Protein chains: 2
Amino acid sequence: MRQETRLSLILDLLAEKGSVTVTELVEALEASSASIRRDLELLESQHLLSRTHGGAVAGGLAYELPLRYRGGRNKEEKQRIAAVAATRVGEGPLSLGLTGGTTTTEVARALVNHKGLTIVTNALNIASELALRPNLKLIVTGGTARSESYELVGPLAEASLEGMNLDLAFVGVDGISADVGLSTHHEVEAHTNRVLIERTRRVIVVADGSKVGHKAFARICPPSGVSELITDASADADALQQLENAGIKVTLA
Amino acid sequence: MRQETRLSLILDLLAEKGSVTVTELVEALEASSASIRRDLELLESQHLLSRTHGGAVAGGLAYELPLRYRGGRNKEEKQRIAAVAATRVGEGPLSLGLTGGTTTTEVARALVNHKGLTIVTNALNIASELALRPNLKLIVTGGTARSESYELVGPLAEASLEGMNLDLAFVGVDGISADVGLSTHHEVEAHTNRVLIERTRRVIVVADGSKVGHKAFARICPPSGVSELITDASADADALQQLENAGIKVTLA
DNA sequence: TACAAAACGATCATAAACATGCAATATGAA
DNA sequence: TTCATATTGCATGTTTATGATCGTTTTGTA
């Protein structure tokens, strides 16, 4: 097995379980203990975990799953959602906001061939992917980077958004329901996303079915701020009905 | 098969799978491993992927590992410069600025083990690499992304910097000389870097020897704004002497 | 504290992957 | 067609990753 694969899998296991043992990794990755130790040493030098005797524990990002891990799940659904989302974006001069998240990242990828777009984002991973596309104008908000989500948040991010007026925004969330509205796990992230939504004429939420009807810790905004939800067929039917009653157009990808 | 065809197929495979191996590509594209390696090298130079041993991973993707610890050819000087630069940074609460550039990127890598640092940068690639580190506080300026340099520039970037006061900054340049001072190829980049320098108490220029005595198109600031230059032994001796006469401490890494 | 088992780091030989120089081939312009 | 340039594949020596061995350190238990 290749080193890069091993490193990824070790981080996956760590994200899932919080700690791993060398013996466990030797079996799971079919590598020698020497290689496992070398891998752990490397990851520790990058501050991605802390070594213990017999294994390692997650360093810093234990409770919220890192973005890379969540990215693997439901990738096909997210790509279908993103493909539908891209059809909502016309050609021509248009200012478009993108918040962080794996689904919005797929939306960004679906938009790389559009022309004349100005894309505003507070997601570092999206910014990195779009930065070298000459056909797009990319504006990044400032802010403090959150290692768990790769989002730029806080007062600087919000101040950056103050002067902008966006035609359309795709927003990723951890939960959307008719009574609470949009919600996410982190309160500062929620506040920053709310500012972006307030500066946007038309807001479309992109979220896979598992988020529908769910309520996460921090509320972003009530359902009234949202024009449309694009999700997949695994979403709970009752929750979708309630969202439609609340005036949100629902599209299944 | 034509090179152009290979390049797009490689990118297609990467987009689909996240990572590829050289062996895999040799079979799929029916080309020699030498050609595949040349292709990967080319794509890496355009920030479209990151090479690993045995293959490559999608570049700019936040949820793949920052595996760029592997050194290229001429990176040795830059790494030595970066190692010296890191010794100028003490432990403890300290606010540190980093502009874009390959040398400053090496400085960022040399700083990942420091604790208590607040790092402010307008370079997207540096931000992506540092965002994962829980031991650092990372603040990204806003701004418009330049695809050539991965830097965030313009009024938004400058407004982001207005409220900050930095203890120390490492600045990358395209040219440094005693009469003109610091210069770079792009005027907007120059202006943004100038604002960062104005907000900083102590400015250290990091540049390999080929930049010393050189004058690029756009002037950033006069030599008086700079405390120290860290470069390598290939720098022109006369130019170094003039810089020292202008009050800049010169260190050869 | 003493002891045994497990885990650890260091070292080494092997094998895979790597960069590079060079000759042959393919491509595009005159 | 003919020449100039660029690209390709092979062969070379070099670097890097890996797994086994061995002596040392840590951990858990009596």
Side-chain angles (χ1 to χ4, degrees), chain A residues 1-14 17-59, chain B residues 1-14 17-59 64-80 82-83 102 106 109-110 113 208 234:
Chain A
M1 175 172 310
R2 306 192 34 231
Q3 182 193 38
E4 163 224 327
T5 315
R6 287 202 314 270
L7 297 178
S8 281
L9 286 174
I10 291 172
L11 290 179
D12 280 350
L13 282 170
L14 259 184
K17 307 169 56 173
S19 72
V20 289
T21 68
V22 171
T23 325
E24 186 179 306
L25 291 172
V26 166
E27 289 182 19
L29 308 184
E30 294 174 356
S32 73
S33 59
S35 293
I36 296 296
R37 284 183 231 286
R38 276 186 281 251
D39 292 343
L40 294 180
E41 194 178 355
L42 173 64
L43 291 172
E44 184 181 42
S45 77
Q46 311 253 325
H47 294 272
L48 295 170
L49 53 77
S50 298
R51 295 190 64 185
T52 62
H53 298 253
V57 297
Chain B
M1 175 173 307
R2 308 185 42 122
Q3 183 190 36
E4 184 189 314
T5 315
R6 286 202 315 271
L7 295 180
S8 34
L9 282 177
I10 291 173
L11 290 179
D12 283 349
L13 279 172
L14 259 184
K17 307 171 54 176
S19 73
V20 290
T21 68
V22 171
T23 326
E24 188 178 303
L25 291 173
V26 166
E27 289 182 20
L29 308 184
E30 294 174 356
S32 73
S33 59
S35 294
I36 297 296
R37 285 184 232 285
R38 277 185 280 251
D39 292 344
L40 294 180
E41 193 177 1
L42 174 64
L43 291 172
E44 185 182 42
S45 74
Q46 312 207 357
H47 298 265
L48 292 170
L49 52 77
S50 296
R51 296 190 64 185
T52 64
H53 273 240
V57 297
E64 290 293 345
L65 283 174
L67 282 179
R68 315 254 212 103
Y69 51 86
R70 181 174 327 288
R73 241 166 317 232
N74 53 349
K75 293 207 172 161
E76 284 189 12
E77 285 90 0
K78 296 179 196 234
Q79 283 174 344
R80 279 206 306 275
T102 51
E106 291 297 336
R109 289 173 187 159
N113 288 317
D208 64 76
S234 73

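These numbers come from a predicted model, not from an experiment. Sequence lines set the chain letters: A, B, ... in the order given, protein chains first and strands last, and positions in each chain run from 1.
At the phosphate of dT18(D), OP1 or OP2 sits under 4.0 Å from a side-chain N or O atom of R6(A).
With dT18(D), dA7(C), dA19(C) as the candidates, the nucleotide lying closest to the side chain of R51(B) is dA19(C). In the set dT18(D), dG9(D), dC8(C), dG9(D) carries the atom at the smallest distance from any side-chain atom of S32(B). Distance from the side chain of H53(A) is smallest to dT26(D) among dT8(D), dA20(D), dT26(D). When distances are taken from the side chain of S35(B) to each of dG19(D), dA17(C), dG9(D), the shortest belongs to dG9(D).
Between the side chain of S8(B) and the main chain of T5(B), a donor-acceptor pair closer than 3.5 Å is present. At distances below 3.5 Å, not a single donor-acceptor pair connects side-chain atoms of E44(B) with backbone N or O atoms of S50(B).
T23(A) comes within 4.0 angstrom of sugar-phosphate atoms only, judged by non-hydrogen atoms across all strands, and of no base.
Summarising the geometry, the separation between CG on L7(A) and P on dA17(D) is reported as 11 Å, rounded to the nearest angstrom. The distance from atom CD of E4(A) to atom C1' of dA17(D) is 14 Å, rounded to the nearest whole Å. dC22(D) atom P lies 16 Å from atom CZ of R37(A), rounded to whole Å. The CG-P distance, from L29(A) to dG19(D), rounds to 11 Å in whole Å. Protein atom CD1 of I36(A) is 10 Å distant from nucleotide atom P of dT18(D), rounded to whole Å. Between the CD atom of E41(B) and the P atom of dT8(D) there is a distance of 13 Å, given to the nearest Å. Atom CG in D39(B) sits roughly 10 Å away from atom C1' in dT7(D) (whole-Å rounding). Atom CG of L25(A) is separated from atom P of dC8(C) by 11 Å (rounded to the nearest Å).
The CG atom of L13(B) sits 6.5 Å away from atom CD of E24(B), with the distance rounded to the nearest 0.5 Å.
Taking for each of T52(A) and R38(A) the nucleotide of DNA chain C with the nearest heavy atom, the 5'-most of the two is the partner of T52(A).
Contact between S32(A) and V26(A) at its shortest, heavy atoms only, is C-CG2, 4.2 Å.
For R6(A), the side chain to side chain contact (heavy atoms under 4.5 Å, CB included) partners are M1(A), Q3(A), L29(A), A31(A), S35(A), D39(A), not counting sequence neighbours.
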